[in-house]
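Written below as structure tokens is the structure these notes are about.
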Amino acid sequence: MARAQPQFSCTACGAVHRKWSGRCDACGAWNSIVEEAPLAAGPRAVGKGRSLTLTTLQAEEAPPPRATSGIDEFDRVLGGGLVAASAILVGGDPGIGKSTLLLQAVAAFAGRGLDCLYISGEEAAAQVRLRAQRLGLAGAPVRLAAETNLRDILATLDAERPGLVIIDSIQTMWLDSVESAPGSVAQVRASAHELVSFAKRRGVSVILVGHVTKEGQIAGPRVVEHMVDCVLYFEGERGHQFRILRAVKNRFGPADEIGVFEMTGRGLAEVPNPSALFLSERGEAAAGSVVFAGIEGTRPMLTEIQALVAPSTLTMPRRTVVGLDSGRLSTILAVLEARCGIPFAGLDVFLNVAGGMRVAEPAADLAVAAALLSAREDVAVPPETVVFGEISLSGALRPVAQAENRLKEAQKLGFTAAMLPRGAKLEGETGVALRAFADLTGFVGEVFGAG
Ligand code: TYD
Ligand code: MG
């Protein structure tokens, strides 16, 4: 029988290595690789497996039944409610509000008749009760336990068979059959595996809370992400009251859907019209500020992109970005320089999405370029104007999807004009005056008189 090989895995990204090394090849983290106890290579029956029953793709499958919490922003991110026997991972920075969100969600589900259990491995029952009191949820019919021993938790779940159980957090859970310490990759992986297979076997939905590392990955094993049906991230800036729940994987609904909340003194409040909220802090038309008409998941959302460009005293001028990809900023700066002859050398560039929102769409390119130019030339973009469009490396502007939805949202919020790439597919009248451009050079010349 083959001897079980020792196995090493990275605590930051979960990658498995055959040897120990100081740096993980997969994610680049230092000192993150630890040895894990090998899987027991017990004797295995060798022989023929049973043959599977094969079916066809053709069947009248009804959509899965869903339980809704009534918290619309939460239900939508799940794809329209909670699917029975599904496993969901909610990741986010410590302190961002995961426990608060899930306590509110579980109370809402329980209030609608779903049998709910909340297991806290991080806080004592009294602490959870205090929070429930503060949130005005003390009367909700949620059953509570503070425990980290997974064997006991599974036995309880098996006896109780609730409809939904919250495990806060997966990093605190441990199985006595696994040798490593709680919080280690091996423990988290084994615990998550046990919970997810229990969910499937017994028809109980499980929501796992997971803390995230600075790199933006759920600490320890990313393998948890593969095991579950849905991965939701709860994000936001500490200093801001906005929180965004984002679906990054959903087997039962659209990924990229977001729910917007506001952290208040009495917990998380839903934000049904995020565009209005994100733009509410906007003052008079100022140089460097541009409103981007974006799409988040299935709904349009307007956000303000702000740029500041100032002479630099550094040999390597600063490029500071919050809420956007810094690589994308470099690309746009390079296109402006190479295709439009507008250099940013010797200038510090600061770019920011207002309100703690994060924008990942390439459609934001033109809005970013407009904000940069507006800041550099000290010329404000015409007021009541939204901007969107993708910039290609050649300097051409590419039309983006859902132009009509973007324009309708802009119109709803009182915007009267839009700057966008030529060739957008528009069917009806949107009530917004359109200025379409074929390339970035044309845009720069016409709007800023530069280039
Ligand atoms: P918490 O849900 O404990 O975060 P996580 O579980 O992600 O670690 O949230 C903690 C923060 O939320 C804490 O700093 C206080 C703040 N908070 C409010 O502002 N209002 C509230 O009603 C509650 C319960 C928490
Ligand atoms: Mg917590």
Side-chain angles (χ1 to χ4, degrees), residues 69-71 73-74 77-78 88-111 116-140 142-150 153 164-174 182-183 187-188 191-192 195 206-220 224-225 228 230-248 258-271 277 355-358:
S69 65
I71 304 176
E73 296 293 302
F74 189 77
V77 176
L78 288 176
I88 296 155
L89 176 68
V90 176
D93 286 320
I96 203 72
K98 300 181 294 297
S99 302
T100 308
L101 175 72
L102 291 174
L103 192 59
Q104 286 182 247
V106 84
F109 278 119
C116 296
L117 242 63
Y118 188 101
I119 313 266
S120 176
E122 307 213 322
E123 292 163 308
Q127 269 173 296
V128 181
R129 265 184 233 119
L130 262 174
R131 173 180 288 141
Q133 224 166 53
R134 179 172 166 189
L135 298 173
L137 300 173
V142 175
R143 292 185 291 164
L144 171 71
E147 185 53 66
T148 56
N149 184 334
L150 202 65
I153 293 173
L164 168 67
V165 60
I166 313 279
I167 303 288
D168 188 2
S169 67
I170 188 67
Q171 274 105 345
T172 55
M173 297 296 141
W174 62 281
Q187 279 289 3
V188 174
S191 304
L195 283 161
V206 203
I207 301 184
L208 308 174
V209 175
H211 294 297
V212 153
T213 56
K214 273 196 228 74
E215 290 75 38
Q217 287 152 354
I218 289 176
V224 175
E225 292 194 13
V228 295
C230 290
V231 178
L232 314 180
Y233 278 98
F234 202 40
E235 354 171 287
E237 297 290 323
R238 236 4 125 69
H240 282 288
Q241 70 273 37
F242 308 131
R243 299 284 182 272
I244 290 158
L245 185 67
R246 187 184 293 274
V248 293
I258 70 167
V260 184
F261 297 89
E262 189 177 358
M263 184 59 102
T264 70
R266 294 201 61 207
L268 291 155
E270 289 182 78
V271 177
L277 187 76
M357 181 66 193
R358 214 187 63 202

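Numbering of ligands and ligand atoms starts at 1, following listing order.
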Keeping Gln104 on the side-chain end and Leu268 on the backbone end, is there a donor-acceptor pair under 3.5 Å? yes
Rounded to the nearest 0.5 Å, how far apart are CD of Glu147 and CE of Met173? 7.5 Å
Any side-chain donor paired with an acceptor under 3.5 Å for Glu122 and Ser169? yes
Approximate separation, where rounding is to 0.5 Å, of Leu232 CG and Leu89 CG: 8.0 Å
Looking at every heavy atom in both Ala192 and Leu208, which two are closest together, and how far apart are they? CB-CD1, 4.3 Å
Please give the N or O to N or O pairs under 3.5 Å between ligand 1 and the protein, distances rounded to 0.1 Å.
| from | atom 1 | to | atom 2 | distance (Å) |
| --- | --- | --- | --- | --- |
| ligand 1 | 2 (O) | Ser99 | N | 3.2 |
| ligand 1 | 2 (O) | Thr100 | N | 2.8 |
| ligand 1 | 2 (O) | Thr100 | OG1 | 2.6 |
| ligand 1 | 3 (O) | Arg131 | NH2 | 2.7 |
| ligand 1 | 4 (O) | Gly97 | N | 3.1 |
| ligand 1 | 6 (O) | Ser99 | N | 2.9 |
| ligand 1 | 6 (O) | Ser99 | OG | 2.7 |
| ligand 1 | 7 (O) | Ile96 | N | 3.4 |
| ligand 1 | 7 (O) | Gly97 | N | 3.0 |
| ligand 1 | 7 (O) | Lys98 | N | 2.8 |
| ligand 1 | 7 (O) | Lys98 | NZ | 2.9 |
| ligand 1 | 8 (O) | Gly95 | N | 2.7 |
| ligand 1 | 20 (N) | Arg134 | NH2 | 3.2 |
| ligand 1 | 20 (N) | Thr264 | O | 2.8 |
| ligand 1 | 22 (O) | Gly265 | O | 3.2 |
| ligand 1 | 22 (O) | Gly267 | N | 2.7 |

For Leu130, side chain to side chain contact (heavy atoms under 4.5 Å, CB included) partners two or more places apart: Gln133
Sorted by chain and number, protein N/O/S atoms nearer to the Mg ion (ligand 2) than 2.8 Å are Ser99 OG
Let me confirm one number: the CZ-OH distance from Arg246 to Tyr233, rounded to the nearest 0.5 Å. 11.0 Å
Sequence-distant partners of Arg131, side chain to side chain contact (heavy atoms under 4.5 Å, CB included), two or more places apart: Ser99, Thr100, Leu103, Glu123, Leu135
What distance do Ile166 atom CD1 and Leu102 atom CG have between them, rounded to the nearest 0.5 Å? 5.0 Å
